[in-house]
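By convention in this document, chain letters (A, B, ...) are assigned in the order of the sequence lines, proteins followed by strands, and residues within each chain are numbered from 1. The figures that follow rest on heavy atoms only: side chains count, while hydrogens, waters and symmetry mates do not.
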Amino acid sequence: MRKPCCDKQDTNRGAWSKQEDLKLIDYIRKHGEGCWRTLPQAAGLLRCGKSCRLRWINYLRPDLKRGNFAEDEEDLIVKLHALLGNRWSLIAGRLPGRTDNEVKNYWNSHLRRKLISMGIDPNNHRPNTINLPRPHHKNSQAVSSTAKLSAGLKTPTNDQPARSRVAIIVTKYRTVQVA
DNA sequence: AATTTAAGCAACCGCGAATAG
DNA sequence: CCTATTCGCGGTTGCTTAAAT
């Protein structure tokens, strides 16, 4: 009863070849999205379903925009991130033609640094207070974000945006999605 | 010109959520 | 309901290319 979703034996991994892309595109054009588990076999691909899904969602889908982010897209991402935190799929849902992976990558490699250079803590979107000494403030939240940057450390939970507000938005979104 | 370091990005992994049976 | 299976998300890795030394 153990049927691993990606058993590693003779399935390809890593970068996709042109032929694999074509097979996947062709199959989905004919049969539509869905049932990623059985797709590889049906499409004649030596990949796990998960890998196929990722490739399609993030790269092959015809409605993808790609290319540089426009300024208004950047603004939107920053605003939505302030509201939602690292909920990339929700954020990407607001940016037509962009994927969560793309938005996430763009945030981590550009936007984050941009905010930091502007003296804004990308975790809470507030001016960085690192340089303002607060003698008797024990549970200081103004931890250097630059220090965490490369290490990729998780931020303490108290840096998160207001949960209640987020929950409402998420619920709303989900309702719309399901309907 | 050769080597090292950093940036950028596609793809992977683990886990929780959703769904099927 | 409960359990097993599949999906989707977010964090992370690792390869490729660009920049610095």
[N] [atom2] sits how many Å from [X] [atom1], rounded?
X       : N       : atom1 : atom2 : result
E33(A)  : dT6(C)  : CD    : P     : 18 Å
R113(A) : dC9(B)  : CZ    : P     : 11 Å
L54(A)  : dG10(C) : CG    : C1'   : 12 Å
L39(A)  : dT6(C)  : CG    : P     : 14 Å
W36(A)  : dG8(C)  : CH2   : P     : 8 Å
N58(A)  : dC9(C)  : CG    : C1'   : 11 Å
K50(A)  : dT13(C) : NZ    : P     : 16 Å
R37(A)  : dC7(C)  : CZ    : P     : 8 Å

Could I get the full list of side-chain hydrogen bond (donor to acceptor under 3.5 Å, both in side chains) partners for [X], not counting sequence neighbours?
X      : value
D21(A) : R55(A)
D63(A) : R61(A)
K18(A) : none
E73(A) : K65(A), R98(A)

Contact under 4.0 Å: [X] side-chain N or O vs [N] OP1/OP2:
X      : N       : value
R13(A) : dC13(B) : yes
W88(A) : dG11(C) : yes
R47(A) : dC12(B) : yes
R53(A) : dG8(C)  : yes
S51(A) : dA11(B) : no
R55(A) : dA11(B) : yes

Using links of under 4.5 Å between side-chain heavy atoms of ILVMFWY residues, direct or through other members, which residues join Y59(A) in one cluster? W16(A), L24(A), I25(A), Y27(A), I28(A), W36(A), L39(A), L45(A), W56(A), I57(A), L60(A)
With the side chain counted from C-beta on, respond yes when V78(A) and L111(A) share a heavy-atom pair under 4.5 Å apart, and no when they do not. yes
Are any of the side-chain heavy atoms of L90(A) and W88(A) separated by less than 4.5 Å? no
What residues, two or more places apart in sequence or in another chain, satisfy salt bridge (charged side-chain N to carboxylate O under 4.0 Å, His left out) together with K79(A)? none
For E33(A), enumerate each residue passing the salt bridge (charged side-chain N to carboxylate O under 4.0 Å, His left out) test, keeping only those at least two apart in sequence or located in another chain. none
Among [range], which contact DNA chain B at a heavy-atom distance under 4.0 Å?
range                      : result
residues 15-25 of chain A  : A15(A), W16(A)
residues 97-107 of chain A : N101(A), N105(A)
residues 64-77 of chain A  : R66(A)

From I116(A) atom CD1 to M118(A) atom CE, the distance as rounded to the nearest 0.5 Å: 12.0 Å
Results of side-chain contact (heavy atoms from CB on, under 4.5 Å) for L54(A) - residues two or more places apart only: N58(A)
The side chain of C35(A) is closest to which nucleotide in this list: dC9(C), dG8(B), dC7(C)? dC7(C)
Which pairs pass ring pair (Phe, Tyr, Trp, His ring centres under 6.0 Å) with one or both residues in residues 109-128 of chain A, sequence neighbours excluded? H81(A)-H125(A), Y106(A)-H110(A), W107(A)-H125(A)
